[in-house]
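Everything below concerns the one structure shown next.
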2 protein chains.
Amino acid sequence: MSQPRPKTRIQQKNQDAILEAALEVFSQAGFRGATLDQIADRAGLSKPNLLYYFPSKEAIHVQLIAGLLKVWLDPLRQLDPAGEPVEEILAYIRRKLELSRDFPRESRLFANEILQGAPRIQGPLHDELKPLVDDKAAVIAGWIAAGRLAPLDPHHLIFSIWATTQHYADFDVQVRAVLGPGHDPHTEAEPYLVALFRRALSPDATTHADIPVNSR
Amino acid sequence: MSQPRPKTRIQQKNQDAILEAALEVFSQAGFRGATLDQIADRAGLSKPNLLYYFPSKEAIHVQLIAGLLKVWLDPLRQLDPAGEPVEEILAYIRRKLELSRDFPRESRLFANEILQGAPRIQGPLHDELKPLVDDKAAVIAGWIAAGRLAPLDPHHLIFSIWATTQHYADFDVQVRAVLGPGHDPHTEAEPYLVALFRRALSPDATTHADIPVNSR
DNA sequence: GTGTTTTCTGACCGGATGGTCAAATCTGAT
DNA sequence: ATCAGATTTGACCATCCGGTCAGAAAACAC
């Protein structure tokens with residue numbers, strides 16, 4: 001058992017700088033498109049010096065993704081089974097949209113990885129993402145069964161929320177090209193998405209008991 | 001004015017093979033990630049022979065994207081101002097989802113390009129995409145003003161449709177990882193998306209005239 | 001100040017990659 | 001059959017890129 005040797009200030013500073021630079025470069029160019037020189041430049045280091053802190057390009061990428069996944073899944077974790085269904089989901093949408101606004105590079109890094117077949121994160125996808133989604137989907141299914149939410153497939157509902165919120169980070173240039181100057185996509189998106197999903201999710205006015213189970 | 005010299009069968013065949021191979025490789029690896037050797041191999045040609053038909057890697061990519069955009073925008077063009085609003089939009093969603101199912105590589109190629117800042121298609125985005133979207137957004141706005149559609153920002157509505165439908169092509173691996181085996185994402189997505197947007201888009205039961213313009 | 005450890009750098013390496021070129025081979029029209 | 005033009009190829013090149021290494025420089029402990 002070797003003690004985890006304490007980090008010096010220099011180590012901390014440079015590793016942070018490298019990860020920050022790598023996030024910038026990887027998210028904009030993808031793994032294959034990024035070069036160590038670009039990352040080193042941005043971090044203010046020489047390439048060999050960068051490789052003094054990380055053993056390889058892949059290692060940087062792995063650490064970046066690992067740190068990312070936790071933050072990325074957190075909004076879904078917060079979905080509270082004890083809360084008011086529609087408001088819980090709308091709150092989830094708002095959190096996800098905030099993430100998309102405040103951490104667009106992280107979103108694009110993730111998108112890049114998935115697009116290319118997720119060669120480096122198949123594991124976490126099955127081990128962390130799937131169980132969490134299944135768990136929360138069950139919560140949503142419970143709400144639907146109780147007539148507190150419109151009947152919509154929980155898994156696909158979650159997909160829709162991911163898709164619509166991350167769209168504003170991942171497809172930012174397209175959104176801006178279409179809207180033209182003088183628009184703030186995220187600011188406009190928030191009330192729109194809330195309205196869209198509130199309409200779709202709110203249970204029908206008729207009570208659950210009023211609906212015949214089978215109208216033969 | 002030089003006559004466009006007629007294409008031989010061999011030219012036609014090889015150019016098609018190259019574009020097909022390039023689509024496969026570019027969509028899976030991105031521009032920088034793709035190599036001419038990969039493309040040549042898949043097309044059944046040698047690298048120099050490939051470069052006999054296209055002057056450069058970039059030229060292949062440009063031609064691919066140019067051909068793509070037309071097909072990609074077609075579903076939106078078909079949105080009929082004379083149709084029934086909700087059904088028109090649902091039909092658009094179905095067409096877009098079909099595209100996502102039948103041409104996932106094209107969707108990913110596009111996504112890759114946008115993700116990386118659209119360096120090669122800024123032009124078409126402004127010259128073709130924006131005018132079309134603005135035009136159709138105006139149609140939708142008209143429907144809303146007539147009370148035939150729920151009041152939702154037309155531009156962002158279109159973004160939502162793009163996001164949710166393309167998600168099944170671009171994030172395919174993630175969707176499959178979450179759903180697990182034994183699911184056909186697209187088949188499940190169709191009724192889900194139709195239900196989601198039908199609920200969100202259908203105008204309220206109360207007639208338009210019943211709603212006070214300003215309730216101060 | 002001295003010795004030790006950490007940090008940093010220039011020079012270099014091997015393989016991949018986009019692209020060129022001269023020459024060989026094939027095709028089709030006559 | 002012949003020949004011009006179209007097609008294909010192997011050999012080659014310059015550059016880029018991830019990574020190594022021996023040693024210089026800086027930081028730190030005493």
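Only this structure's heavy atoms are used, side chains among them; waters, hydrogens and symmetry mates stay out. In what follows, every chain begins at residue 1, and chains take the letters A, B, ... in the order their sequences are listed.
Using a 4.0 Å cut-off, some side-chain N or O of B:N14 falls inside it from OP1 or OP2 of D:dT8. Contact check, A:N49 against C:dT7: no side-chain N or O comes under 4.0 Å of OP1 or OP2. Applying the 4.0 Å criterion to OP1 and OP2 of C:dT9, one finds that A:S46 has a side-chain N or O inside that range. Phosphate contact (OP1/OP2 of C:dC8, side-chain N/O of A:Y52, threshold under 4.0 Å): absent. A close approach under 4.0 Å does occur between a side-chain nitrogen or oxygen of B:Q11 and OP1 or OP2 of D:dT7.
Contacts of B:D172 classified as side-chain hydrogen bond (donor to acceptor under 3.5 Å, both in side chains), with partners at least two apart in sequence or in another chain: B:R176.
Here the C1' atom of nucleotide C:dT17 and the NE2 atom of B:H61 are 17 Å apart, to the nearest Å. Summarising the geometry, the separation between CZ on B:F54 and P on D:dT8 is reported as 13 Å, rounded to the nearest angstrom. One atom, CG of B:D41, and another, P of C:dA16, lie 13 Å apart when rounded to the nearest Å. At whole-Å resolution of the value, CD1 in B:I60 and C1' in C:dG18 are 11 Å apart.
A salt bridge is defined here as a Lys NZ or Arg NE, NH1 or NH2 lying under 4.0 Å from an Asp or Glu carboxylate O, and A:E88 with A:K136 fails to meet this definition.
Aromatic ring pairs are classed by plane angle as parallel below 30°, tilted from 30° to 60° and perpendicular above 60°; the pair A:H61 and A:F26 is perpendicular. B:F159 and A:Y168 have perpendicular rings, their planes meeting at more than 60° on a 0 to 90° scale where under 30° would count as parallel.
B:Y192 and A:D153 form no side-chain donor-acceptor contact under 3.5 Å, judged by distance and modelled atom types alone.
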Report summary line: Scoring nucleotides 11-30 of chain D by protein non-hydrogen atoms under 4.0 Å (B base, S sugar-phosphate only, - none) yields B-----SBBBB------S--
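A donor-acceptor pair under 3.5 Å is absent between the side-chain atoms of A:R199 and the main chain of B:L201, judged by distance alone.
Residue-level contact check: B:Y53 touches the backbone only, with heavy atoms under 4.0 Å from sugar-phosphate atoms and none from bases.
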